[in-house]
J.: 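Would you mind keeping the following structure in view while I ask a few things?
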Protein chains: 2
Amino acid sequence: MPPALAVSVDVVLLTLRAGRLCVLVIRRDDPPFGGCWALPGGFVDRDEDLDASALRQLAAETGVTTTGHLEQLRTYGGAHRDPRVRVVSVAYLALLPNLPQPQPQPGRDGPRARWWPVEDLDSTDGPTLAFDHPRIVGDGVERARAKLEYTPLAAAFCEEQFTLADLRRVYEAAWGVALDPPNFRRKVLSTPGFVVPLGQRTSPRGGGRPAELYRRGSAVALHPPLLRRSV
Amino acid sequence: MPPALAVSVDVVLLTLRAGRLCVLVIRRDDPPFGGCWALPGGFVDRDEDLDASALRQLAAETGVTTTGHLEQLRTYGGAHRDPRVRVVSVAYLALLPNLPQPQPQPGRDGPRARWWPVEDLDSTDGPTLAFDHPRIVGDGVERARAKLEYTPLAAAFCEEQFTLADLRRVYEAAWGVALDPPNFRRKVLSTPGFVVPLGQRTSPRGGGRPAELYRRGSAVALHPPLLRRSV
DNA sequence: CCAAAAGTGTTATGTGTACACCCATGA
DNA sequence: TCATGGGTGTACACATAACACTTTTGG
């Protein structure tokens with residue numbers, strides 16, 4: 001007979017808020033790691049597929065029922081990653097547009113769910129994450145940053161209709177660099193299936209020429225990729 | 001109480017044989033899928049890390065104790081992927097140089113372990129793989145092919161000392177394309193940390209100028225990547 | 001009018017590609 | 001000497017990067 005282990009799912013849910021890449025974390029009330037923040041997640045049901053479990057946990061803990069993108073990230077199975085019992089956790093990466101934001105849900109003592117800019121996670125005034133969740137978030141952020149290069153994933157951070165400037169700001173926030181708008185435009189438009197023009201324009205927000213609107217195209221990969229400069 | 005599930009590890013072990021990318025499979029004697037071929041793998045022990053389990057299964061079933069590369073591939077957790085009982089399987093990808101080959105181990109009725117060219121897996125005269133192992137092998141092969149582009153992983157298919165032609169043949173076998181030797185050479189040598197020259201030459205094998213020998217460098221990523229043409 | 005944001009044009013620079021050519025060895 | 005594979009040089013196509021410039025809106 002095989003040893004039976006607990007299997008859980010944790011979700012790294014990323015979005016863009018005010019030009020910063022943010023991750024959603026949930027406040028833990030009880031030990032271990034009481035008062036720390038943790039990723040939304042929970043145990044997999046006996047007859048539940050992993051992907052379905054990720055969506056269920058997300059809806060249950062944050063109210064988020066649809067994501068722009070959901071993919072399996074990696075499985076964390078260190079023998080002692082949970083001090084209580086052996087838990088193998090399948091992590092997922094989910095991306096969400098700016099709006100609608102999941103409303104922070106009321107808790108015993110302050111908001112239970114909140115967004116946190118990923119750059120603040122390493123600093124001392126950032127939140128303390130429970131278990132091995134710092135590593136999981138780090139892996140999720142790195143996966144997202146890398147996938148922006150060679151997939152049209154950036155559009156998952158945008159609403160259904162978006163401008164090229166919206167799309168460019170995704171890259172700029174995730175990579176922490178400034179991209180040249182003219183060159184970015186040409187690059188995106190010359191990649192078949194990245195975006196589809198809608199033939200409409202935005203109403204300008206406080207001055208400036210109205211931008212054309214686009215929706216996500218059918219491409220699943222960018223050829224050639226949109227490479228980050230450094231690394 | 002969380003439901004307890006069985007957690008297993010399966011390993012996609014790839015190598016190059018006669019210029020073809022091959023995967024190691026094990027013959028199943030017992031049902032389900034008796035007579036079919038399956039990936040080496042087994043259940044994770046109660047206090048065993050996942051990576052350690054992958055190495056243990058590999059050694060136990062194939063005699064392979066070192067790999068050029070070992071990384072987690074993906075976790076397969078469909079509720080009915082094993083007809084007997086719910087099993088969540090963490091798949092690993094392992095790469096091995098041409099030699100030393102793991103010796104096929106004797107079994108009840110023919111060799112128990114054997115290499116199979118990955119191109120033959122889809123054809124009708126190829127082996128029938130058990131469970132969802134066709135998909136796992138497919139994912140593993142695609143991961144390996146993709147990682148050749150932007151990591152120095154190709155060297156994991158080579159022995160400790162290798163020539164640039166050896167390295168090039170890895171790409172040619174994995175991608176099924178012919179690469180221009182002069183351009184390949186320049187590309188590899190201009191990528192810092194990809195390979196390190198040893199200042200020695202091979203004794204030529206049957207005519208031709210002796211080639212310079214190299215060993216793996218310290219780079220973990222190729223910038224810029226070595227892109228496949230098509231896709 | 002000016003400021004701001006979107007979008008177009010142009011040019012320098014670099015990288016990938018194709019292929020001609022030279023080098024060193026075995027037979 | 002030829003065949004074979006290793007290694008160098010070079011010219012062209014193409015992609016990226018930098019930035020000047022035009023267009024369209026609000027104030």
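Each chain gets a letter, A, B and so on, in the order the sequences are listed, and its residues count up from 1.
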J.: Between the two end axes of the helix from dC1(C)-dG27(D) to dA27(C)-dT1(D), each built from 5 base pairs, what angle do you get to the nearest 10°?
T.: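 Roughly 0° between the end axes, to the nearest 10°.
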
J.: Starting at CG of Leu227(A) and ending at P of dA15(D), how long is that distance when rounded to a whole Å?
T.: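 So the CG-P distance, Leu227(A) to dA15(D), works out to 14 Å.
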
J.: Could you tell me the separation between the CG atom of Leu39(A) and the CG atom of Asp132(A), rounded to the nearest 0.5 Å?
T.: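 So the gap between those two atoms works out to 9.0 Å.
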
J.: Less than 4.0 angstrom from a charged side-chain N to a carboxylate O is my criterion; do Glu71(B) and Arg143(B) meet it?
T.: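 Yes, Glu71(B) and Arg143(B) are salt-bridged.
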
J.: Just wondering, do Pro97(B) and Glu159(B) contact through their side chains at under 4.5 Å, heavy atoms?
T.: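 A side-chain contact under 4.5 Å exists here.
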
J.: Looking only at the side chain of Arg209(B) (C-beta and beyond, no hydrogens), which of the listed nucleotides dT16(D), dG7(C), dG7(D) gets closest?
T.: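 Among dT16(D), dG7(C), dG7(D), the one nearest the side chain of Arg209(B) is dG7(D).
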
J.: Quick check for you: among dT24(D), dT15(C), dC19(D), whose closest atom lies nearest to any side-chain atom of Asp180(A)?
T.: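 Taking heavy atoms from C-beta onward, the closest nucleotide is dC19(D).
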
J.: I'd like to know if Arg228(B) and Glu149(B) make a salt bridge, using a cut-off of under 4.0 Å between side-chain N and carboxylate O.
T.: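 Result for this pair is yes, salt bridge flagged.
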
J.: Would you call the rings of Tyr171(B) and Trp175(B) parallel, tilted or perpendicular, where under 30° means parallel and over 60° means perpendicular?
T.: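 Correct class here is perpendicular.
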
J.: So which nucleotide from dA6(C), dG7(D), dA17(D) ends up closest to the side chain of Ala211(A)?
T.: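 Selected nucleotide: dA6(C).
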
J.: Judged by modelled atom types alone, do Tyr76(A) and Asp139(A) share a side-chain donor-acceptor pair under 3.5 Å?
T.: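 There is such a pair between these side chains.
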
J.: Return the value, rounded to whole Å, for the distance between atom CD of Glu149(B) and atom P of dG16(C).
T.: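 Whole-Å distance recorded here is 12 Å.
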
J.: Once you round it to whole Å, what is the distance between C1' of dT15(C) and CG of Leu226(B)?
T.: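 Atom CG in Leu226(B) sits about 12 Å away from atom C1' in dT15(C).
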
J.: Please check if any side-chain donor atom of Ser8(B) sits under 3.5 Å from a side-chain acceptor atom of Ser89(B), or the reverse.
T.: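 A pair is found: one side chain offers a donor N or O, the other an acceptor, under 3.5 Å apart.
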
J.: Any donor-acceptor pair under 3.5 Å between the side chain of Arg186(B) and the base of dG7(D)?
T.: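 For Arg186(B), whose side chain was compared with the base of dG7(D), there is no donor-acceptor pair (under 3.5 Å).
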
J.: Within this structure, what is the CG-to-P distance between Leu179(A) and dC19(D), rounded to whole angstrom?
T.: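 These atoms are roughly 15 Å apart.
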
J.: Taking the nucleotide of DNA chain D with the closest heavy atom to each, which residue, Lys187(A) or Arg201(A), is nearer the 5' end?
T.: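 Upstream on the strand: Lys187(A).
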
J.: Near DNA chain D, which residues from residues 160-174 of chain A have a heavy atom under 4.0 Å away?
T.: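 Per residue number, the list is empty: none.
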
J.: Does the side chain of Ser123(A) pick up a donor-acceptor pair with the side chain of Asp120(A) at under 3.5 Å?
T.: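 No donor-acceptor contact under 3.5 Å links the two side chains.
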
J.: Side chain of Pro182(B), heavy atoms from C-beta onward: which of dT24(D), dA15(D), dC19(C) has the nearest atom to it?
T.: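 Given the options dT24(D), dA15(D), dC19(C), the side chain of Pro182(B) is closest to dC19(C).
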
